**Student:** 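Just dropping this structure here.
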Amino acid sequence: MTELKRYVLRLFMSLKYITANVLDRNNGRIVATASTVEHSIKNSLQCGSRTCNAKAAALVGEVLAMRLKVEGLESGQQRGIHVDVNKELEKKDFKNRTKVWAVINSLKNNGVKLILDEDNDASQSG
């Protein structure tokens with residue numbers, strides 16, 4: 001029996017920016033987002049763009065967690081917010097691995113209930 005994955009975390013990373021969205025798959029809309037494109041986040045980073053990538057990713061996770069709490073969705077309506085870690089890591093190159101985990105750990109440390117779907121391939125193959 002497959003589990004309904006209503007709320008899903010999606011990460012987008014470029015050379016300059018990090019964006020994290022929580023998508024409501026029932027409605028097909030973004031319920032919360034945070035990005036280093038935003039002036040409030042960009043201006044709070046006190047380091048060069050190359051030297052604080054993990055710090056920037058952690059800050060994006062922290063801001064996203066606060067926005068989810070405001071919306072009352074930090075627990076994904078008791079189901080949790082799904083993260084397909086392998087998929088997110090595969091989409092990014094090796095250099096972004098630290099940033100992916102920084103966002104995920106920041107969300108968890110700020111009280112967001114995440115369900116890490118790391119073993120999808122292993123559970124389906126065996």
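All residue numbers refer to positions in the sequence shown, counting from 1. The structure presented is a predicted model; accordingly, all values stated were derived computationally and were not measured.
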**Student:** If you measure from CD1 on Ile41 to OG on Ser35, what distance do you get to the nearest 0.5 Å?
**Tutor:**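 Answer rounded to 0.5 Å: 6.5 Å.
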
**Student:** Applying the 4.5 Å side-chain criterion to the ILVMFWY set and letting contacts propagate, would Leu116 and Leu9 be lumped into a single cluster?
**Tutor:**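 Yes.
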
**Student:** Check the hydrophobic clustering (I, L, V, M, F, W, Y; side-chain heavy atoms under 4.5 Å; chains of links allowed) and say if Met13 and Trp101 are grouped together.
**Tutor:**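 Same cluster: Met13 reaches Trp101 through Ile, Leu, Val, Met, Phe, Trp or Tyr contacts under 4.5 Å.
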
**Student:** Can you check whether Tyr17's main-chain N or O pairs, donor with acceptor, with Ser14's side chain at less than 3.5 Å?
**Tutor:**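 Checking the backbone N and O of Tyr17 against the side chain of Ser14, a donor-acceptor pair under 3.5 Å is found.
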
**Student:** Any ion pair linking Arg97 and Glu90 (charged N to carboxylate O, less than 4.0 Å)?
**Tutor:**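 Answer for the salt bridge query: no.
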
**Student:** Do Tyr7 and Leu23 have side-chain heavy atoms sitting under 4.5 Å apart?
**Tutor:**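 Side chain of Tyr7 against side chain of Leu23, heavy atoms only: no contact under 4.5 Å found.
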
**Student:** One pair to check against side chain to side chain contact (heavy atoms under 4.5 Å, CB included): Asp24 and Arg6. What are the steps and the verdict?
**Tutor:** CA-CA 6 Å; Asp24 180 349; Arg6 179 170 183 183; 3.0 Å; yes

**Student:** For a 4.5 angstrom cut-off between non-hydrogen side-chain atoms, does Glu88 reach Asp84?
**Tutor:**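 Of all side-chain heavy-atom pairs linking Asp84 with Glu88, none is under 4.5 Å.
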
**Student:** Hey, are Asp117 and Lys5 close enough for a salt bridge, meaning a charged N less than 4.0 Å from a carboxylate O?
**Tutor:**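 Salt bridge: yes.
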
**Student:** Can a donor-acceptor pair be found, under 3.5 Å and without considering hydrogens, that links the side chain of Glu71 to the backbone of Leu68?
**Tutor:**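 Here the side-chain-to-backbone pair does not exist.
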
**Student:** Going hydrophobic residue to hydrophobic residue with side-chain gaps under 4.5 angstrom, can you get from Leu73 over to Val8?
**Tutor:**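 No.
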
**Student:** Any idea which heavy atoms bring Ala20 and Leu64 closest together, and the distance?
**Tutor:**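 Nearest heavy atoms, Ala20 then Leu64: CB-CD2, 3.7 Å.
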
**Student:** Do Leu11 and Val100 have side chains that approach each other closer than 4.5 Å (heavy atoms only, starting at C-beta)?
**Tutor:**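 When only atoms from C-beta onward are counted, Val100 and Leu11 do touch, with a gap below 4.5 Å.
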
**Student:** Got Thr33 and Val22 here, is their nearest side-chain heavy-atom distance under 4.5 Å?
**Tutor:**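 In short, these two side chains do not touch, never coming nearer than 4.5 Å.
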
**Student:** Within a strict 4.5 Å, meaning less than it, do heavy atoms of the Asn53 and Thr98 side chains meet?
**Tutor:**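 The answer is no; the side chains never approach within 4.5 Å.
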
**Student:** Contact between Arg10 and Lys87 at the side-chain level, heavy atoms closer than 4.5 Å - yes or no?
**Tutor:**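 Yes, close enough: below the 4.5 Å cut-off.
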
**Student:** Would you say Val112 and Ile81 make side-chain contact, with heavy atoms under 4.5 Å?
**Tutor:**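 In contact.
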
**Student:** Going through the checks in order, is the side chain to side chain contact (heavy atoms under 4.5 Å, CB included) test met by Ile104 and Lys108?
**Tutor:** CA-CA 6 Å; Ile104 291 170; Lys108 287 176 18 179; 4.2 Å; yes

**Student:** With a 4.5 Å heavy-atom cut-off, do Asn21 and Phe12 have their side chains touching?
**Tutor:**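 In contact.
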
**Student:** Do you know which two heavy atoms are closest between Ala54 and Ala102, and how far apart they sit?
**Tutor:**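 Shortest heavy-atom contact: O-CB, 3.7 Å.
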
**Student:** Going by the side-chain contact (heavy atoms from CB on, under 4.5 Å) test, name the single residue among Val63, Val60, Thr19 that passes it with Thr36.
**Tutor:**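 Running side-chain contact (heavy atoms from CB on, under 4.5 Å) over Val63, Val60, Thr19 with Thr36 returns exactly one hit, Val60.
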
**Student:** Please name the pair of heavy atoms, one in Lys42 and one in Val37, separated by the smallest distance, quoted to 0.1 Å.
**Tutor:**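 Heavy-atom minimum between the residues: CE-O, 3.8 Å.
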
**Student:** Checking salt bridge (Lys or Arg N to Asp or Glu O under 4.0 Å) for the pair Arg79/Glu74: CA distance, chi angles, key distance, verdict?
**Tutor:** CA-CA 10 Å; Arg79 293 186 195 115; Glu74 69 273 11; over 6 Å; no

**Student:** Which atom names give the shortest non-hydrogen contact between Ser106 and Glu62, and what distance separates them?
**Tutor:**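 Smallest interatomic distance, heavy atoms only, reads OG-N, 3.1 Å.
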
**Student:** Looking only at non-hydrogen atoms, find the nearest pair between Lys99 and Ala57 and report the distance.
**Tutor:**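 For Lys99 versus Ala57, the nearest heavy atoms are O-CB, 3.5 Å.
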
